[in-house]
Amino acid sequence: MSSAELSKSYEPRLVEDVWYRAWLDRRYFHADVNATPVPFSIVIPPPNVTGSLHIGHALNSTLQDVLVRWMRMSGRNTLWVPGTDHAGIATQNVVERKLTKEHIDRHALGRERFVEKVWEWKRESGGRIIEQLKKLGASCDWDRERFTMDEGLSRAVREVFVRLYEEGLIYRGERLINWCPRCHTALSDIEVEHEEEKGKLYHISYPLSQDPKVRLTVATTRPETMLGDTAVAVHPLDPRYKDLIGKTVDLPLTNRKIPVVGDSILVDLEFGTGAVKVTPAHDFSDYEAGQRQSPELPRIKILNDRAEILSDIPDVRAGTIKLIAGKPVKKARGIVVELLQEQGYLIKTEDHGHSIGKCYRCKTVVEPYLSPQWFVKTAPLAEPAIKAVEDGSIRFIPKGWENTYFDWMRNIKDWCISRQIWWGHRIPAWYCDNCGHITVTRTDATVCGKCGSGNIRQETDVLDTWFSSALWPFSTLGWPDATKELAVYYPTSVLVTSFDIIFFWVARMIMMGLRFMQQIPFRDVYIHALVRDAEGQKMSKSKGNVIDPLEMTEQFGTDAFRFTLVAFAAQGRDIKMSAERIEGYRNFANKIWNASRFVLMNTDADFVPNNDIVVTESSLADRWIVSRLNTVTRDVQAALAEYRFNDAASALYQFIWHEYCDWYVELSKPALKDQDLAKRMCAQTTLVMTLERALRLLHPIMPFITEEIWQKLPKKVRGDGDSIMISSFPTSDSTYIDEAIEQSMRLPMDAILSIRNIRGEMNISPRERVRASIRAENKDILATLERTAGYVTSLAGLSHLAIALDVAKPEGSSTGTIRGAEIYVSSDQVVDKDAERDRLQKEIAKISRDIDIFSKKLANKNFVDKAPREVVEKDTAKLEGFKAKRDKLEQSLRILDA
RNA sequence: GGGCGGAUAGCUCAGCUGGGAGAGCACAGCCCUUACAAGGCUGGGGUCACAGGUUCGAUCCCUGUUCCGCCUACCA
C-alpha cells in the first residue's frame, strides 16, 4: 500500500554521503555566471590549510550554508566560494615540526627546498578541512575553490603590493616592531595577545653624575633593559625633579652617562617614583619618547633576534657582559638584579601585575625589536572604510560590533606586513647592490630599475598572511582581470564570521575592496558567536575540552548537529556546546522521520493531491494546520532575512513537533479512516502537502533528512523537481492565515487538554474510555464544539460526548473549565471524592489569583483612564470570564460535598 | 585605565517597540494507544541579581551597586 517503506528510525549514515554525492554529481552547487536571477554570493572565511575542522568552523559554515541553500531555493543566482588560506607562520611551524621529527633542520635544507616541502605537505594533507566541510553538507561551488597562494591569487597580491608601493602607501623603514623570537619574525600589533601576569616592579637608583649623592630612582618591570637606557625621563612640571632636567646620571653597570629629560607624555606624575628609564630600542613608549626628544635619543639594542643578550652592548662594563652575554632575557634579568643589589643600586622590589604580549601562533613572549620592515600606511585606506560603515553601506549584525570596528579603525596604526619566514608571498622588491635603489615590480626583476645593474637581490621577507586574505572577496573572483564573475558576484552579499577576526580580516577587506574595486566587498557582516564548552570555557586542545564536530555528526547525524548549531546561534551570546544538546535534536530528526513514516503509510506512491476537495471539504483541523504552516513560513522567512537563525530554528521545531506531530497528525487520524472518500482525500492531501512544505522550509538547516524523505513522497506531491535542494523555498500566503480558525481550534484543543488533565488527576488509565459532557456558554461556542466533537472524542479517549447549552453536571463527575465552556468527565470507576475536591480547590485558588490581579488593576482609576482602551476592555472581559468560571467551580464543589 | 555583553525554572537559554513569566533538557506520575519508548500524556518548579527612579503599570526604559565573561590600552 504505502508508497515507500521507511525504516523504524532515521539512520543518517545511510543517507548523508549518498545525497551529498548526488548533489555534487548533478552540479547543484555550481553557480552559473550567465544565469539571470539576482545574484547572491558569499565568500567563505578561508580556513587555514593546516586546520582540521573545529566547532567554530562548523558553526560558521553551517550558517553560511543555511543562507546559501535558502537563497538558492528562493531563486537567486547563488554562489558560495570556498577555499583555504596558506596561513604563513602557522603552516611553516607545522612543517618545521614535522621536519624536526625527521631530524631535518630547515636552514640546512635551504629556502627553496623547504618551500617545496611545504607545498608537498599542502598537497598531501592540506585539503583535509575541505573534505570535512563536505561532511557537514556545505554546498560550496567546489569548482571555484581557491587557495591564497595559487597562481591567480598570487598575481592579485603582487598587483596590490606594487600599486600601493607606487602610490606611496607601502614603505620600508626601520621601526620598533613586535618580534617573536621563536617564530623568528615580525608580527603586526594585532598578532600579539596580551595576558595578565604577576611580575615584579624593581626600583633602581641612578646616581647623578654631577653629584653622586643625589640619586634618581626609577621603577621598572624589566631591569635588564637598563643596559640599553639612553635617558631618564621626568615630568617637566615635577617639582621634585624639574631642576635635574639637562643634567646627566651615571647608568649603573655601564660607563654610560645619560641625560635627564623632560617628557610630559611618557611620565605620569602619580605613578611609581615619577622618574622613568628610557630604552628606545626595546619599549614602544620609550621608542616614541626617544623620537620626541630633540635631538632624538640614541637607540641601543641589547638583544639579538632570539631574545638573547648581545655580547657587544656599547658602554657596558666587561665584567657585566661576561656574565650575561648570550643569556636569554629572563635569565639575564636575574643576573642584572643580583648585580644591582650587590652594588647597592637596587632600592626595593614589589609585586606588580602587568600584561605581557605573546605570539598568537606559539605563545612565546614577544619582544619589541628594532628592525627594518615593510609597512602599509593605513590612515588613507581607513578613512573611506570608516565612512562605508558610518553611512550604512556596510551593516554589522549585531550592530554593536560597529563600535569595535570604529574604535580600531579610528586609532589604526601602520600595518607591518613583512614576515621573516619562508612560506608565503615573497615581497616583490629587489635591492640594488650597486646604487641602493629598491625595484618593485609586477614581474620578477633581473636588473635594477634605476641604474640597470644586474647586481640585485630580492627581498627575503614574505607578506603577512592577512595581506592576501584582505583581497579574498575580489581575488577569488578573478581580479585583477575584469572577469564576468566580478561583475556579477561582487560585491558579495554577506560575510559570515566571528568577532575575533574583525581587525585581522574584516576591516582589511573593507579597506582593500574600496581601494581596488571602488566598491564595498560585502553589504552585511554577520558576526556569530564563539562556541564554548558546556562550562563556558574556550575550547582548546590543551584543556582537552574540544568537541570534535565530526564525532558529533558521526554520533547524532549531520542534520541534528547542524540544527543544534543553528538553534543556539542567538545573536550576541556565546554558544555553550555539549553532546547532550545535540542529542535532543537527534530526537527531533527521528520525530520528523516517524511522522513522515506515518504520512507515507497513508498515501500511495501514485497519490494525487486533490486541491479541489481541500477547498470544499477541508475540516477545521486542516484549515488550522494550513494557517499555522503559513504563519511559520512567514516567521522563518523573516527570521532568516534578519539573521535570527535561532528564531528560524525554534519556529520550525515548534511547528513540526508540537503542532504538526502532536496535534495535526492525531487530529487527522479519524478523517483518514472516514467512510467518506472526500474526507479521506482531504486529510491525506493536507497531511502530505503540509509535510512537503515543512520539509522545504527545513531543508536549509537539515539538508540530508529532508532530501531523503522528500524523495520518498508521492511524485505528484513533489511536483516536477528532482531534488528538494533545487525546489522552491515556500512563501507565505497570508490569505491562508486565519486568526478565527486558530481561535476556533483552541476550543477543542483546550477541551482535550482539560479532559486529559482530569484523567491524569483522577488516575484514570489511558486505555479506559470515559464519558464527557460539555456545557457551552453560548451558541457560537456550542456550534464550534459540535463541529469539532470528533477531535475531542478521539484525542481525549471518550466513549461518549454530549454538548449542549444546558447540560446538568452528571452525578459523580469531575469538572474542568475552559474558556467558554465547562466540562464534566465521568468514568465507570468510582470517583475519588477527595482527589476531585483537591483538584477543584486547586483550580479555584489559581483562578482567584487571576481575579485578584485583574480586580486590582481595574480598580485603579489611573489605569482605566490612561491605559489604551483595548487593553482595558480586554482585561475587563478577562476578569468577567474568570469570575464566571470561579462561580461554576464553586458550585461544583458544593455539589460534590452535598 | 577605557569599552562591550551577561545576570530570568535545578541546567542551557528565548522573551520584538513596557500590559496576566516561556522553551528545551533535567525531575515526578501514568502509559510499549496500530508514525515514533530517541516516544506519548500529565504535573511540580521562578520576589526575572540588588537598590532607587520614570510610569496608571517595569523582566523590559533610566541611574547606581554587586558578581561573571570578553575586547582594548605603552602606567614604567
Side-chain angles (χ1 to χ4, degrees), chain A residues 6 8-10 194 201-202 218-222 233 265-268 270-279 283-289 352 354-355 357 368 398 400-401 403-404 407-408 411 499-500 502-503 530 532 534 536 538 556 560 567-568 570 572-578 580-581 583-602 642 644 646-647 650 653-654 658 661-662 665-666 669 752-753 756-761 763-767 795 797 849-850 853-854 857 860-868 870-872 874-875 878-879 882:
Chain A
L6 258 51
K8 212 173 169 194
S9 62
Y10 174 55
H194 293 273
L201 192 59
Y202 302 89
V218 299
T220 179
T221 53
R222 299 200 52 189
I265 298 173
L266 182 66
V267 182
D268 176 357
E270 308 291 314
F271 189 87
T273 61
V276 183
K277 62 192 270 311
V278 185
T279 322
D283 181 282
F284 287 100
S285 39
D286 291 5
Y287 178 81
E288 282 167 24
H352 180 71
H354 63 128
S355 83
W401 290 109
N403 285 329
T404 308
D407 234 40
W408 189 67
N411 300 302
F499 66 84
D500 49 350
I502 289 179
F503 306 146
L530 212 65
R532 301 172 178 280
K538 213 165 172 170
F556 301 110
F568 281 107
R573 213 192 258 250
D574 288 345
I575 299 176
K576 293 182 192 168
M577 179 57 64
S578 70
E580 298 87 76
R581 275 157 217 167
E583 196 176 355
Y585 293 110
R586 187 268 315 264
N587 297 352
F588 177 52
N590 200 45
K591 187 76 182 175
I592 298 166
W593 185 259
N594 278 294
S596 305
R597 228 159 65 102
F598 174 79
V599 173
L600 291 172
M601 282 174 183
N602 285 286
E642 294 165 33
R644 289 182 287 110
N646 58 323
D647 286 345
S650 61
Y653 184 92
Q654 186 65 28
H658 297 304
C661 294
D662 286 353
V665 166
E666 297 304 322
K669 281 178 180 173
I752 290 161
L753 291 174
R756 281 177 182 166
N757 181 327
I758 293 169
R759 299 179 65 119
E761 298 287 336
N763 230 332
I764 298 168
S765 150
R767 214 170 315 161
L795 270 67
R849 273 199 301 275
D850 291 339
I853 291 166
F854 279 78
K857 206 166 158 185
N860 185 340
K861 201 167 167 304
N862 277 322
F863 169 68
V864 178
D865 291 349
K866 294 186 183 170
E870 317 85 86
V871 175
V872 178
K874 214 172 80 191
D875 286 359
K878 275 182 186 171
L879 179 59
F882 289 149

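Every chain is numbered from 1, with letters handed out A, B, ... down the list of sequences.
Here B:G39 presents its P atom at 4 Å from CG of A:N587, a figure rounded to the nearest Å. A:D662 has its CG atom 15 Å from the P atom of B:C36, to the nearest Å. The nearest whole Å value for the distance from the CG atom in A:D407 to the P atom in B:G5 is 13 Å. A:R849 places its CZ atom 13 Å from the C1' atom of B:A21, with the value rounded to the nearest Å. Between the C1' atom of B:C70 and the CH2 atom of A:W408 lies a distance of 19 Å, rounded to the nearest Å. When the P atom of B:C13 is taken as reference, atom CZ of A:F568 falls 8 Å away, rounded to whole Å. Atom CG of A:N590 and atom C1' of B:A35 are 10 Å apart (whole Å). As a whole-Å value, the separation of A:R756 CZ from B:G40 C1' is 9 Å.
Of all the heavy atoms in A:A233 and A:L266, the pair that sits closest is CB-CD2, 3.9 Å.
Taking 4.0 angstrom as the limit, A:N411 places none of its side-chain polar atoms (N or O) nearer than this to OP1 or OP2 of B:A73. Between A:H352 and B:A76 there is a side-chain N or O to OP1 or OP2 distance below 4.0 Å. In terms of phosphate contacts, A:R597 brings a side-chain nitrogen or oxygen within less than 4.0 Å of OP1 or OP2 of B:C36. The side chain of A:K874 places no N or O atom within less than 4.0 Å of a non-bridging phosphate oxygen (OP1 or OP2) of B:G20. For B:G19, neither phosphate oxygen OP1 nor OP2 lies less than 4.0 angstrom from any side-chain nitrogen or oxygen of A:K878. Note on A:H658: a side-chain N or O is less than 4.0 Å away from OP1 or OP2 of B:G24.
Between A:I502 and A:W401 the shortest side-chain heavy-atom distance falls below 4.5 Å. Inter-residue side-chain proximity for A:T221 and A:Y202 is flagged as unmet; no heavy-atom pair is nearer than 4.5 Å. When side chains are defined from C-beta on, A:K591 does not count as touching A:N587, because their heavy atoms never get closer than 4.5 Å. Counting only heavy atoms from C-beta outward, the side chains of A:F863 and A:V872 approach each other to under 4.5 Å. Under the 4.5 Å side-chain criterion, counting only non-hydrogen atoms from C-beta, A:H658 is in contact with A:Y653.
Rounded to the nearest 0.5 Å, atoms CD (A:E761) and CZ (A:R756) are 14.5 Å apart. Rounded to the nearest 0.5 angstrom, A:L795 CG and A:L753 CG are separated by 9.5 Å. Separating the NZ atom in A:K277 from the CG atom in A:D283 is a distance of 7.5 Å, to the nearest 0.5 Å. Remark: A:N757 CG to A:I752 CD1 distance equals 13.5 Å, nearest 0.5 Å. The line from CZ of A:F588 to SG of A:C661 is 8.0 Å long, rounded to the nearest 0.5 Å.
With C1' as the reference atom, B:C25 and B:G39 are 16 Å apart, rounded to whole Å. To the nearest whole angstrom, the two P atoms, one in B:A9 and one in B:U47, are 9 Å apart. Look at the C1' atom in both B:G45 and B:A26: the space between them is 12 Å, to the nearest Å. Nucleotides B:U8 and B:U12 place their P atoms 9 Å apart, quoted to the nearest Å. Remark: the separation of the C1' atoms in B:U72 and B:G64 is 25 Å, to the nearest Å. Rounded to whole Å, the C1' atom of B:A14 lies 13 Å from the corresponding atom of B:U59. Distance noted for atom C1' between B:A51 and B:U66: 11 Å (whole Å). Separation of the C1' atoms belonging to B:G15 and B:G24 is 15 Å when rounded to the nearest angstrom.
Residue A:L753 is classed as a sugar-phosphate contact, given heavy-atom separations below 4.0 Å to backbone atoms only. Counting non-hydrogen atoms under 4.0 angstrom, A:N403 reaches nothing in the nucleic acid. Among the heavy atoms of the strands lying under 4.0 Å from A:F854 is at least one base atom, whether or not backbone atoms are also near. Counting non-hydrogen atoms under 4.0 angstrom, A:G357 reaches nothing in the nucleic acid.
Nearest to the side chain of A:R581, among B:G40, B:C74, B:C11, sits B:C11. With B:A76, B:G43, B:A35 as the choices, the nucleotide that has an atom nearest any side-chain atom of A:V665 turns out to be B:A35. Among the nucleotides B:C70, B:C41, B:A73, the one closest to any side-chain atom of A:F499 is B:C70. Candidate nucleotides B:A73, B:A35, B:G24 were compared by shortest atom distance to the side chain of A:F598, and B:A35 ranks first. For A:E666, the side-chain atoms get nearest to B:C36 when compared with the rest of B:G39, B:C71, B:C36. Set against B:A35, B:G20, B:A76, the side chain of A:K591 has B:A35 as its closest nucleotide. The side chain of A:T221 sits closest to B:A76 out of B:G39, B:A76, B:G20.
When Watson-Crick and G-U wobble pairs are counted only if both distances are under 3.5 Å, B:A21 pairs with no nucleotide at all. For B:C67, the paired base is B:G6 (Watson-Crick or G-U wobble, both distances below 3.5 Å). Base pairing annotation: B:A28 forms a Watson-Crick or G-U wobble pair with B:U42, both donor-acceptor distances under 3.5 Å. Shown here, B:C48 forms no base pair; nothing in the strands shown gives a Watson-Crick or G-U wobble contact with both key distances under 3.5 Å.
Taking the six-membered ring for Trp, A:Y585 and A:F556 have ring centres at least 6.0 Å apart.
Between the side chain of A:D850 and the base of B:G20, at least one donor-acceptor pair of N or O atoms lies under 3.5 Å.
Ring geometry for A:F882 against A:F854 counts as perpendicular: the plane angle is over 60°, on a 0 to 90° scale with 30° as the lower cut.
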Under 3.5 Å, which protein N or O atoms sit close to an N or O of nucleotides 30-33 of chain B? Give each pair with its distance.
residue : atom : partner : partner atom : Å
B:C32   : OP1  : A:R767  : NH2          : 2.7

Can you tabulate the close N/O pairs, meaning under 3.5 Å, that link protein atoms to atoms of nucleotides 54-57 of chain B?
residue : atom : partner : partner atom : Å
B:C56   : OP1  : A:K866  : NZ           : 2.5
B:C56   : O2'  : A:N860  : ND2          : 2.5

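Residue A:F882 is the one, among A:F882 and A:K669, whose nearest nucleotide of RNA chain B lies closer to the 5' end (criterion: closest heavy atom). Residues A:V599 and A:R586 each lie close to RNA chain B; by heavy-atom proximity, the contact nearer the 5' end of the strand is made by A:V599.
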